[in-house]
Number of protein chains: 2
Amino acid sequence: MVNESRKEREYLYREQRILDIARPVIVQEGYHALNMNRIAEQLEYSKGTVYNHFPCKEEIILALAIQTLEQRTEMFQRAARFVGRSRERMQAIGLACELFARMFPEHFVVEQLVRIPSIWDKTSATRQQQLYRGETCCLSLVSGIVHQAVGAKDISLPPGMVPEELVFGLWSMTFGAYSMLATNSNLPALGIVNGYEAVRSHLRHMLDGYGWRPLDAEHDYDEVVHQVMTQHFPTEAAQIFQNA
Amino acid sequence: MVNESRKEREYLYREQRILDIARPVIVQEGYHALNMNRIAEQLEYSKGTVYNHFPCKEEIILALAIQTLEQRTEMFQRAARFVGRSRERMQAIGLACELFARMFPEHFVVEQLVRIPSIWDKTSATRQQQLYRGETCCLSLVSGIVHQAVGAKDISLPPGMVPEELVFGLWSMTFGAYSMLATNSNLPALGIVNGYEAVRSHLRHMLDGYGWRPLDAEHDYDEVVHQVMTQHFPTEAAQIFQNA
DNA sequence: TCAATTATTGACTAAGAGTCAAAGTATGTC
DNA sequence: GACATACTTTGACTCTTAGTCAATAATTGA
């Protein structure tokens with residue numbers, strides 16, 4: 001049984017290596033540059049062996065998306081540990097989200113790729129479920145904070161709106177903005193110079209619009225950001241804001 | 001010269017036919033189902049002739065994106081003609097945006113496709129410029145309304161924020177939400193039942209958060225929507241809201 | 001030691017993007 | 001109407017790459 005687990009470990013290690021080979025290729029040279037011959041060559045195994053791990057190219061893309069989503073979830077979990085009022089905790093999530101987007105801008109490219117129907121449809125239901133579970137986990141974490149807010153009467157949602165739909169709004173805004181920042185080189189010409197700052201402002205104003213207490217003007221959220229950063233994301237923050 | 005222009009007309013007509021053939025294939029069967037042999041066959045011309053029109057497959061995708069963007073711009077222009085206070089006119093744009101998204105949900109799939117770096121990089125600078133011009137036109141239309149609002153003191157933007165950055169927020173939210181609605185089949189399971197309604201609410205609350213007067217509570221924006229719909233989008237509204 | 005099981009290989013097939021020399025068509029001139 | 005010139009269309013061809021699978025190699029357990 002010791003051998004069995006050694007083999008298993010080696011198998012998983014090789015699977016990880018395939019992803020480690022694929023990611024920089026996709027990120028730096030694009031989807032078309034990613035081909036199975038090349039992966040096999042770099043892996044120093046034959047193509048058939050690569051196909052033992054992943055039944056098709058698309059499955060590798062999905063595996064990459066799942067991996068970054070797990071990173072993201074881990075960062076969200078860390079942020080959610082912040083002890084404070086509901087909106088302070090949401091601010092912590094907002095910071096985690098921005099740090100994640102700046103550390104892994106390619107995530108949004110891979111995420112866009114994997115959603116292309118002709119790619120998605122080729123992947124296995126098992127891995128699709130895995131991505132969905134990751135998404136669900138991430139969303140529940142955030143909607144949990146909204147539930148806390150509703151419970152504490154820090155916010156009162158419009159009639160008919162559930163916490164998940166509020167999270168959908170925050171998610172849409174960040175997904176839309178970070179995707180465009182990653183792929184639309186026209187933005188600077190349009191006058192959008194500091195996209196990340198704009199997103200921060202929009203999220204705050206949106207929550208203000210919903211009347212989530214304490215409002216931006218009633219509280220020093222920059223101080224919260226500072227605390228979360230030093231307490232929960234010291235290395236990440238140093239990496240991202242070194243030049244700022 | 002009459003002959004010359006007849007030939008030109010025929011050429012443009014055939015170009016349009018290529019796009020008309022390509023669009024349903026991409027929408028219904030996906031990117032991979034779109035191949036040049038098939039287009040040539042349906043066009044009843046040879047592959048070489050198709051290549052005379054478009055130097056590569058990717059260029060067709062970009063041409064499709066430009067076409068829908070033109071549709072969108074036309075609808076935005078119609079909405080912007082609404083005479084009223086700045087936020088009423090923005091509400092008109094919001095309606096146009098939703099109608100567009102519901103009439104052409106595939107636009108967001110094509111838009112996502114065209115931004116994939118390995119697709120984008122194969123297209124000609126000329127057509128890229130064309131898409132950028134379309135975007136610029138659409139965005140200017142909307143930021144014009146924000147300028148009107150600032151001028152009329154209906155809104156006062158936070159220090160350092162330009163009107164274009166506010167529009168970037170609205171754009172991110174709608175692009176993100178409509179893209180996910182078009183490609184993420186996990187949303188209902190997550191509790192997001194009526195995405196379009198949620199987006200409407202988020203946009204209103206975000207503008208409220210920025211203090212754009214008259215606030216949602218101070219004015220009957222549903223009445224504005226009704227007016228814009230009957231005055232500027234009678235057929236579209238009938239088509240979309242027939243069952244609502 | 002050896003049979004059975006499991007893993008690896010890479011030549012092979014299939015499909016589709018993109019090319020280009022040859023064939024076909026239109027136009028203008030005498 | 002005959003012919004030269006310019007432009008258009010064609011589809012067989014090459015090339016790349018996804019995916020397969022019978023043959024080969026390695027591992028395991030008795």
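Predicted, not measured: the structure shown is a model, and the values here were computed from it. Proteins get letters first, then strands, A, B, ... in listed order; numbering begins at 1 in each.
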| message | Tell me if the aromatic rings of Phe76(B) and Trp171(B) count as close, with their centers under 6.0 Å from one another. | response | no

| query | Does Thr68(B) reach the main-chain N or O of Leu64(B) with its side chain, forming a donor-acceptor pair under 3.5 Å? | reply | yes

| Quick check: are there more than 12 heavy atoms from other residues, nucleotides or ligands sitting under 6.0 Å from CD of Glu41(A)? | no

| query | Stepwise, does the side chain to side chain contact (heavy atoms under 4.5 Å, CB included) test hold for Leu190(A) with Glu164(B)? | reply | CA-CA 7 Å; Leu190(A) 290 171; Glu164(B) 284 71 20; 5.7 Å; no

| request: In plain terms, say whether Arg38(A) and Glu29(A) are close enough for a salt bridge, that is, a side-chain N and a carboxylate O under 4.0 Å apart. | output: yes

| field | Check ion pair Glu10(A)-Arg14(A) (N to O, under 4.0 angstrom) | value | no

| query | For the rings on Tyr196(A) and Tyr178(A), is their centre-to-centre separation under 6.0 Å? | reply | yes

| Nearest-angstrom distance from the residue atom CD of Glu41(B) to C1' of dA15(C) | 14 Å

| query | Angle, rounded to 10°, between the helical axes spanning five pairs at each terminus of the helix from dT1(C)-dA30(D) to dC30(C)-dG1(D)? | reply | 10°

| message | From CD of Glu10(B) over to P of dC7(D), roughly how many Å is that when rounded to an integer? | response | 18 Å

| Taking protein heavy atoms under 4.0 Å as touching, what does nucleotides 9-19 of chain D look like 5' to 3' if B marks base contact, S marks sugar-phosphate-only contact and - marks none? | BBB-----SBB

| Do the side-chain N and O atoms of His232(A) and Arg81(A) include a donor-acceptor pair separated by under 3.5 angstrom? | no

